[in-house]
Amino acid sequence: MRTSQYILATLKETPSDAEIVSHQLMLRAGMIRRVASGLYTWLPSGLRVLKKVENIVREEMDKAGAIEMLMPIIQPADLWEESGRWEQFGPELLRINDRHNRPFALGPTHEEVITDFVRKEVSSYKQLPLTLYQVQTKVRDEVRPRFGVMRAREFTMKDAYSFHLSDECLEKTYQVMHTAYCNIFERLGLDYRPVIADTGSIGGSVSHEFHVLAESGEDAIAFSDASDYAANIEKAEALAPTDARPAATKELKAFPTPDAKTIAELKEHYGVKPHRGVKTLIVYGAPDENEQRGLVALIVRGDHELNELKAEKHPLVDSPLEMAKEEDIVAAIGAKPGSLGPVGLNMPIIVDRTANVMADFVAGANKDGEHFSGINWDRDVENYEVADIRNIVEGDPSPCGQGTLQIKRGIEVGHIFQLGTKYSEAMKAGVLSESGKNQIMTMGCYGIGVSRIVAAAIEQNNDEYGIKWPQPIAPFDLAIVPMNMHKSHRIPDIANNLYDGLKAQGIDVLFDDRKERPGVMFNDMELLGVPYTLVIGERNLDENKVELKNRRTGEKLMLDLDTAIAEIAALVKG
RNA sequence: CGGCGAUUAGCGCAGUUUGGUAGCGCACUUGGUUUGGGUCCAAGGGGUCGCAGGUUCAAAUCCUGCAUCGCCGACCA
């Protein structure tokens, strides 16, 4: 490609609404432009990267035995009603009506369509197991799109679905896909981790997320410092403390706290250290046989956070978890939030494991402007349950039994699930088994955020000059930058010959043939992150040399003009 | 969905307090100059100042409504 016939579209200034470095650099390097909130046009340079990522994903999927197909973005509402997700999905599912006023959804994912396809086309156990995939545009009407293509409303995703007769067979394919995912992120040249994850709205049992590690990541991941255990923070178990609860030494005593409604204020005005008190959170309980929801109290140590996901999995708690409204709390307890505690509380109480080993602690007195000190479990609070309902914190023991936990941030770029029969059962997707009986298939699903990988790769590979692409996904392998070509007799011929020769070697070359000053060209190529720059100037031609610069290492190599093509080809492809 | 802020040329911004003919830098066009790391000089093109209404002799500027975009929050009692 010649820059004179290309649209480089680099910017000197950073558009003001770009927050994180990948978004800024994608705009500045001329990869994307915003069309509306969360909607982007991919410019040629951006598309080149996107395609390279896509192709690596494709090659590894094919190697893993998955078969590519393509499903529509627009999907009929009936399929979503069948799976129950038409109601369940919420406003993130973008819904449209056609000219006959029939309802459709723009697909945020394709479980319904693929399950419908397979139940119609696959009828015998002999056709299983089967893994199908596509690389396609997904639509999710995000509450808050941000960070450019990182959280866009329209994005490119690779989604694969596997179908099996048994859970054992599903587990086998799941492992194959897990390995394929690791291969993909290795080939992309990214620092990543597979982590144990929650299954969320997609459903199912076993699940792993693949995270690219980056400070700007939206997810927190807990790692063991002594094993390869890694889990999404929302999923990491907080083990029960090994220390036994100390004996009670203090009497239960009320004290006035008119200025304290929060743990922080309690510390500031009354000197109560957060880890010596507990937080009492009131949520709605699971509905009873009359569909009535009572209240449930959740208690965690003052310096800990409630883990919503863990709490809503408790049978007493309604799912999804919902914090009680203030008027319901006042009606049931007689005190407002800020003065609540477990003593004399007339509702089910769930106590976090760590809060359960506290003695002589502080909590609200269930009377506005009053707290108790010297509270002790069993003596002052009799009926309660103990469960793991808090987020882990750095330094907690690892659930794997080895080492302590550390927390890092990551960008979720892949997520794989053992779905089980959630969709196949709802949509009656079965095949005839060996014994001639209809049997519901068990399913797996495997997603990779292709466009998000592009942004994540930049988060991990940039410097003050711009992007530093890993070779396999760079928009171009090499840029030819001639010095003052229009003033030279021999440079145009030599540059053109090198350009043709390198292209013939299958190398993606960007030939900067603009009539620009050298500095402009160097800056643009560095911003765009092209891994190698081949500089052709009179100075070195006198010795029959050209200069090859490595974007990542800054290393400069002087190449002999006659052997340059072969040497570059070996470097780029090796 | 709640709070805050922004909206003036393709991009980055000033002008709004105190109403009086729309500005700067970058980018773009033309000519010259320069040429191994974002040259310099000169001349140009480009705007219904987000939209609608109001006040006024006069509105980018004041008032009202709306839209769009962004940030923060959406359990932390």
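In what follows, every heavy atom counts, from backbone to side chain, and hydrogens, waters and symmetry copies are set aside. Per chain, numbering begins at 1; letters A, B, ... match sequence-line order.
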Asker: Should B/C49 form a Watson-Crick or G-U wobble pair with both distances under 3.5 Å, which nucleotide is its partner?
Answerer: none
Asker: Taking only the side-chain nitrogens and oxygens of A/Lys12, find out if one of them lies under 4.0 Å from OP1 or OP2 of B/A27.
Answerer: yes
Asker: If you compare every side-chain N and O of A/Arg144 against the phosphate oxygens of B/G70 (OP1, OP2), does one of them come in below 4.0 Å?
Answerer: no
Asker: Parallel, tilted or perpendicular: which one describes the rings of A/Tyr384 and A/Trp377, with boundaries at 30° and 60°?
Answerer: tilted
Asker: Answer with base, sugar-phosphate or nothing: what part of the nucleic acid does A/Val283 contact at a heavy-atom distance below 4.0 Å?
Answerer: nothing
Asker: Measure distances between side-chain N and O atoms of A/Asn523 and base N and O atoms of B/G38, and say whether any donor-acceptor pair falls under 3.5 Å.
Answerer: yes
Asker: So, is A/Thr280 near the phosphate of B/A77, with a side-chain N or O under 4.0 Å from OP1 or OP2?
Answerer: no
Asker: Using only heavy-atom distances, determine whether the side chains of A/Ser488 and A/Glu538 contain a donor-acceptor pair under 3.5 Å.
Answerer: yes
Asker: For B/G5, which nucleotide is its Watson-Crick or G-U wobble mate, given both distances must be under 3.5 Å?
Answerer: B/C69
Asker: Can you say whether a donor on the side chain of A/Asn540 sits under 3.5 Å from an acceptor on the base of B/G36, or the other way round?
Answerer: yes
Asker: Take A/Lys279 and A/Met521, find for each the nucleotide of RNA chain B with the closest heavy atom, and name the residue whose nucleotide sits nearer the 5' end.
Answerer: A/Met521
Asker: Are there over 12 heavy-atom neighbours, none belonging to A/Asn346, within less than 6.0 Å of that residue's CG?
Answerer: no
Asker: So does A/Arg517 get a side-chain nitrogen or oxygen closer than 4.0 Å to the phosphate oxygens (OP1/OP2) of B/U39?
Answerer: yes
Asker: What is the separation between atom CD1 on A/Ile7 and atom C1' on B/A27, rounded to the nearest whole Å?
Answerer: 13 Å
Asker: I need the CG-P distance between A/Asn307 and B/C75, as an integer number of Å.
Answerer: 13 Å
Asker: Using a heavy-atom cut-off of 4.0 Å across all strands, would you classify A/Leu321 as base, sugar-phosphate, or nothing?
Answerer: nothing
Asker: With both distances under 3.5 angstrom, what nucleotide forms a Watson-Crick or G-U wobble pair with B/U56?
Answerer: none
Asker: Taking only side-chain N and O atoms of A/Ser16, does any of them lie within less than 4.0 angstrom of OP1 or OP2 on B/C13?
Answerer: yes
Asker: Are A/Thr137 and A/Glu154 linked by a side-chain donor-acceptor pair shorter than 3.5 Å?
Answerer: no
Asker: Does A/Leu298 reach a base, just sugar-phosphate, or nothing at all? Heavy atoms under 4.0 Å.
Answerer: nothing
Asker: Between the base of B/G36 and the side chain of A/Glu547, is one N or O donor paired with an acceptor at under 3.5 angstrom?
Answerer: yes
Asker: Using Watson-Crick or G-U wobble geometry with both distances under 3.5 Å, which nucleotide pairs with B/C13?
Answerer: B/G23
Asker: On RNA chain B, check which nucleotide each of A/Leu340 and A/Val520 is closest to and give me the residue with the more 5' one.
Answerer: A/Val520
Asker: Within the 4.0 Å heavy-atom criterion, would you say A/Leu281 contacts the bases, only the backbone, or no part of the nucleic acid?
Answerer: base
Asker: Between A/Phe476 and A/Tyr6 (judged by ring centroids, cut-off 6.0 Å), do the two rings come close enough to count as a pair?
Answerer: yes
Asker: When all nucleic acid strands are considered with a 4.0 Å heavy-atom cut-off, which category describes A/Glu19: base, sugar-phosphate, or nothing?
Answerer: sugar-phosphate
Asker: Could you tell me whether A/Lys487 contacts a base, only the sugar-phosphate backbone, or nothing, with contacts defined as non-hydrogen atoms closer than 4.0 Å?
Answerer: base
Asker: I'd like the C1' distance from B/G19 over to B/C49, given in whole Å.
Answerer: 15 Å
Asker: Heavy atoms only, 4.0 Å cut-off, all strands: where does A/His486 land among base, sugar-phosphate and nothing?
Answerer: base
Asker: Give a yes/no on whether any side-chain N or O of A/Ser37 is located under 4.0 angstrom from OP1 or OP2 of B/G70.
Answerer: yes
Asker: Between the side chains of A/Thr3 and A/Asp513, is a donor N or O closer than 3.5 angstrom to an acceptor N or O?
Answerer: yes
Asker: Any side-chain donor-acceptor pair under 3.5 Å between A/Arg551 and A/Asn461?
Answerer: no
Asker: What does A/Glu516 touch in the nucleic acid at a heavy-atom separation under 4.0 angstrom: a base, only the sugar-phosphate, or nothing?
Answerer: nothing
Asker: Can you tell me the pairing partner of B/A77 across any strand shown, Watson-Crick or G-U wobble, with both distances under 3.5 angstrom?
Answerer: none
Asker: Could you please name the option among B/G12, B/U35, B/C1 that lies closest to any side-chain atom of A/Val143?
Answerer: B/C1
